[in-house]
Protein chains: 2
Amino acid sequence: MQSASVIQDTVLPWPSLPRTYDPRQAPHHPRDIPSALAPRVANKCIMRAFKRDQQIFAEGVVAEFSAQVVTGAVRMSTLLGDGRRQIDAFHLAGDFFGIESGREHRFSADAIVNTTIRIYRSSGLDWIPADGQFGGKAVFAALVQSLESAQDHALLLGKKCAREKVSTFILNLAERLATGNTIELPMSRMDIADYLGLTIETVSRSLTQLQRDGIIDLPCRRGAIVLKNRPALRRAANGNQGF
Amino acid sequence: MQSASVIQDTVLPWPSLPRTYDPRQAPHHPRDIPSALAPRVANKCIMRAFKRDQQIFAEGVVAEFSAQVVTGAVRMSTLLGDGRRQIDAFHLAGDFFGIESGREHRFSADAIVNTTIRIYRSSGLDWIPADGQFGGKAVFAALVQSLESAQDHALLLGKKCAREKVSTFILNLAERLATGNTIELPMSRMDIADYLGLTIETVSRSLTQLQRDGIIDLPCRRGAIVLKNRPALRRAANGNQGF
DNA sequence: CGATGGTTTGAGTGTTTTCAAAGAACGTGG
DNA sequence: CCACGTTCTTTGAAAACACTCAAACCATCG
C-alpha cells in the first residue's frame, strides 16, 4: 500500500465527542449517529486521532471520506435488524478503508484501540478518473484487496469449523502485524467472535484447545498470543487435525 | 450492467473439449486443467457457448480473459485442500465475472446450464487507464458489485441460520432473475448447499419447511420454485420466525 | 419402461450454542 | 500501593441446530 505522497498532514487532538459504541446496547439506527468525520478539506488529507471504541463513521451515513489507518486498528461492522452484529474486516496500520461505490457507507467503522487515521476527501467512483498521486490505481488496488479479503472471509465462514476459523484468524493477524511470534490482539473476544461467526465462548474454547495442543500460548496479559508452532497452526487452519 | 458497446460479436460453436467438472471426483490441482478460453482476440470480444457443467476457466490459471454472461448461469467456486468446495457467487445474464487483480484466477468458473458468454481480452488492473466504451468505470462498477455481493455473502454465512440462508437465497435469485413469482433454479441442491455453507439435506429440509409454511411452493418439475408469500419470505430471510 | 441421478425423508450423532457461574485482569479510589 | 468493583474471559452442563449415514422417492433420459 502506498502511504507517501501526502499533501498535508495535520494531527488533530482527541475529539471531545466520543460517544462510544457498545454492541450490547439497545440497537439504534445508524443514521441517528453523527459521523465523527466533521472536517471537510478539499484535495488534502488530515490526520486525526480516535479513542478506543470511538466511532469513525456510521453505517448508512453519506460517504464523503475514506481513510487509511496510520496507527491502531479499525473494525468494520454491520448490524442485522435484531441486533446481531457481523464484523466484515479489521483494518491495521497501512490499510485503506471506507472506499464506497454508493452514496452511503455500508459498514460502521470504529477504532478498536486508540487509533490515528489519515482522512481523504471523498471515496468511490469519482476517484477513478482522478489523476495525480493518489487517484486511480491505488484506489482500485485497495478495492481489489477488500474484495479478495471478503472472498477469503466468505470461504472461512462457509466451510471452516471453529478450530480452523480461529487458527486462520491468528495466522492472518500474525502475518499482518508482523511482530514476530508474540502478537498483541487489538480486539476483544467479542470482536473475534463476530468476525468469525462464532460465540465468545467457542472462540475461548478453541484458543484454550490450541494452547493445550502446544500450538499457541496465552500469557496472563490479556490480549496477547504467542505462536509456539507455526506449521501446526497452519495445518490447524486448513483442517488437518492431527499432524 | 451495461451490455451495449460491443465491437464484435461472434458466436462460436460448442467446443470439442468439454472435460466437465465433477466436485465429487478426486480433487485435482487447478493448474492441471487447461483453460477453455483458448481464443485470443485483441481489443475485441467474442461470444462463446458452454455446455452444462463445462468449465470456463480454472482456479489458478493465468487470468487473460474476463467475461459477461449473456444467457445461462455461471458458478464461481474454489476448493479447499481436502475437497470441500465453496461457491463464491452465481453469475446470471448481464453479470461480469473473471475480473482479477492478480496474475491468476482465484476461482474456477463453470457453466451451470448451457450458457453463452461474451469474452473480453484481459482483466484487471490494466483496465483502469483504459478509455473508450468499456474501460474504467464499467470495470470498477462490476468490481464494486462483486465486493458488495461478497460482503453480503459473508454476512449471510456468518450470522444466519439455515432457514434464513435459504430464504435470502431464493429472494435474491427472484430479484435478479425477475421472472415473476416462478423462478427456474439453474443450479442443483449441491450448488446451493456449497453456496450457503450447508449440506444438501439441510437445504432440502429448509425448502420443505418453507413450503409447509405456505411461503413457497415446490412444483413437481425439478428446479422450479414458486413464491407464494413474498413478505413472509422477506421476514424469514431476516430472522423473524413467526410473523 | 426401466435405469439413472438428483432430491427428499428419517434416525442418530456431533459440534456449536445457550445459559449459568466462576475466574482473572484492569481501572479506580482510598 | 493495595483493595475493591467492573468488565472481560474462561469453564461447565444442557440444549439446539446442522451434519452424517442410510434408504426411499421420483423426475428425467435413454
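Within every chain, numbering begins at 1; the chains are lettered A, B, ... in the order of the sequence lines, protein sequences first and strands thereafter.
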Can you give me the N/O atom pairs linking the protein to nucleotides 21-30 of chain D at distances under 3.5 Å, or say none if there are none?
from	atom 1	to	atom 2	distance (Å)
D:dC21	N4	B:Glu201	OE2	3.0

All pairs passing salt bridge (Lys or Arg N to Asp or Glu O under 4.0 Å) where residues 218-231 of chain A contributes a residue, at least two apart
A:Glu184-A:Arg221
Testing the 3.5 Å rule here: is there a donor-acceptor pair between the side chains of A:Thr199 and A:Thr202?
yes
Rounded distance in Å - NZ (B:Lys159) to P (D:dC17):
17 Å
Quick one: is B:Thr199 getting a side-chain N or O under 4.0 Å of the D:dA18 phosphate, OP1 or OP2?
no
Taking the nucleotide of DNA chain C with the closest heavy atom to each, which residue, B:Val203 or A:Pro219, is nearer the 5' end?
B:Val203
Looking across every strand, which nucleic acid part, if any, lies under 4.0 Å from B:Ser188 by heavy atom: base, sugar-phosphate, or nothing?
sugar-phosphate
Distance check needed: C:dT8 C1' versus B:Leu210 CG, whole Å only.
15 Å
Is the distance from OP1 or OP2 of C:dT9 to the nearest side-chain N or O of B:Thr208 less than 4.0 Å?
yes
Expressed as a whole number of angstroms, how long is the span from A:Gln209:CD to C:dG14:P?
16 Å
Would you please confirm or rule out a distance under 4.0 Å between OP1 or OP2 of C:dT8 and any side-chain N or O of B:Ser204?
yes
For B:Arg212 and for A:Lys160, locate the closest nucleotide of DNA chain C by heavy-atom distance; then report the residue assigned to the nucleotide nearer the 5' terminus.
B:Arg212
Verify side chain to side chain donor-acceptor pair (under 3.5 Å) between B:Gln86 and B:Thr78, making sure each step is shown before the conclusion.
CA-CA 5 Å; B:Gln86 173 70 31; B:Thr78 187; over 6 Å; no
A side-chain contact here means heavy atoms from C-beta on lying under 4.5 Å apart; do A:Asp110 and A:Val74 qualify?
no
May I have the distance from A:Gln211 (atom CD) to D:dT9 (atom P), rounded to whole angstrom?
15 Å
Under 4.0 Å between any heavy atoms, over every strand shown, what does B:Gly223 touch: base, sugar-phosphate, or nothing? Just pick one.
nothing
Return yes if a side-chain donor-acceptor contact under 3.5 Å exists between A:Ser77 and A:Ser108, otherwise no.
no
Spacing between A:Ile192 atom CD1 and C:dT16 atom C1', to the nearest angstrom
17 Å
Length of the CZ-C1' vector between A:Arg189 and C:dA25, whole Å
12 Å
Please confirm whether B:Phe57 and B:Phe65 have ring centers closer than 6.0 angstrom.
no
Spacing between A:Leu218 atom CG and D:dT11 atom C1', to the nearest angstrom
14 Å
Here's a test for you: under salt bridge (charged side-chain N to carboxylate O under 4.0 Å, His left out), which of A:Arg118, A:Arg176, A:Arg75 qualifies with A:Asp95?
A:Arg176
Tell me the interatomic distance from B:Leu207, atom CG, to C:dT8, atom P, rounded to whole angstroms.
6 Å
